[in-house]
Peer 1: 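Got a structure here, written out as structure tokens. Questions coming.
No experiment lies behind these values; they were computed from the predicted model shown. Every number for a ligand or one of its atoms is a count from 1 in the order of the listing.
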Amino acid sequence: MRWKSLGILKDSKIVEAFEKVNRKDFVPKHLVSEAYEDHPLQIGEGQTISQPSTVAIMTQALEPIKGDKVLEVGAGSGWQAAILSVIVEPGKVYTIERINGLAELAKKNLEAYGNVQVILSDGSKGLPSEAPFDRIIVACGAEKVPEALKEQLAEGGVMVIPVGRPHQRMLKIRKKKGLLEVQDLGSFVFVPLIIE
Ligand code: SAM
């Protein structure tokens, strides 16, 4: 994938991470020939690994930096978590997945990434034991921003989350002096955030 020429990624650390973490290592074997095409791919359980340009837009918007503590909701294949782990190292990435088979897939795919932890749980509740988080990224479409995620975002932190039904608006939320500043990054389509 020609990440630089895609024109989305501005930060050289983020470009490096996208170049280092190969999407083909996170897609099912029979779809490897499509790994570099800009569309989502099925990863089983009716779920998808997101479109490369969408992952690039969300990662850039998140503004991750070295040392950050990151929460991802929706581990799926683990690709997004792997990219973030390279950027924030020695910081840590916690990624939550609600489907057991996919949590196991993500764990396997992320074995080489020592600063990522995969948790089988309902991510709409966040991860109170590790909060607050400098960055929160949600990889599934929420009806509204879960209260737990608002609370678990650190002061000065950034959250990127697709919100709405059936299409989503991608929201970039920054917490400043306890208040949430919201920026709309446009329309996207995601698999739904399921609340247990
Ligand atoms: N980030 C993933 C990757 O890099 O492959 C793609 C994520 S996929 C588009 C969305 C994922 O969110 C699915 O695996 C789905 O099971 C998961 N999901 C949906 N609702 C969830 C919830 N409440 N808690 C945790 N995961 C959830």
Peer 1: Between ligand 1 and the protein, which N/O pairs fall short of 3.5 Å?
Peer 2:
unit_1   : atom_1 : unit_2 : atom_2 : d
ligand 1 : 1 (N)  : Glu72  : OE2    : 2.9
ligand 1 : 1 (N)  : Gly74  : O      : 3.0
ligand 1 : 4 (O)  : Trp79  : N      : 3.4
ligand 1 : 4 (O)  : Gln80  : N      : 3.0
ligand 1 : 5 (O)  : Ser77  : N      : 3.0
ligand 1 : 5 (O)  : Ser77  : OG     : 2.6
ligand 1 : 14 (O) : Glu97  : OE1    : 2.7
ligand 1 : 14 (O) : Glu97  : OE2    : 3.4
ligand 1 : 16 (O) : Glu97  : OE2    : 2.6
ligand 1 : 20 (N) : Ile194 : N      : 2.9
ligand 1 : 23 (N) : Asp122 : OD1    : 2.8
ligand 1 : 23 (N) : Ile194 : O      : 2.5
ligand 1 : 24 (N) : Gly123 : N      : 2.7
ligand 1 : 26 (N) : Arg98  : N      : 3.4

Peer 1: Hey, does the side chain of Ser121 reach the backbone of Gly123 with a donor-acceptor pair shorter than 3.5 angstrom?
Peer 2: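 The answer is no, because no donor-acceptor pair under 3.5 Å joins these two groups.
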
Peer 1: Mind jotting down which residue pairs meet the salt bridge (Lys or Arg N to Asp or Glu O under 4.0 Å) criterion with at least one end in residues 179-190? Sequence neighbours excluded, please.
Peer 2: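 Salt bridge (Lys or Arg N to Asp or Glu O under 4.0 Å) check on residues 179-190 returns Arg169-Asp184, Lys176-Glu181.
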
Peer 1: Do other residues, nucleotides or ligands put more than 12 heavy atoms under 6.0 Å from the NE2 atom of His167?
Peer 2: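 For His167, atom NE2 is not crowded (no more than 12 foreign heavy atoms under 6.0 Å).
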
Peer 1: Applying salt bridge (Lys or Arg N to Asp or Glu O under 4.0 Å), can you list everything that pairs with Glu34, at least two apart in sequence or on another chain?
Peer 2: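 Glu34 satisfies salt bridge (Lys or Arg N to Asp or Glu O under 4.0 Å) with no residue once adjacent residues are dropped.
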
Peer 1: Look at Arg174 together with Glu63 and state whether they make a salt bridge at an N to O cut-off of under 4.0 Å.
Peer 2: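 Salt bridge: yes.
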
Peer 1: For residues 70-93, pull every pair meeting salt bridge (Lys or Arg N to Asp or Glu O under 4.0 Å), keeping only residues two or more places apart or in separate chains.
Peer 2: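 Residue pairs passing salt bridge (Lys or Arg N to Asp or Glu O under 4.0 Å), neighbours aside: none found.
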
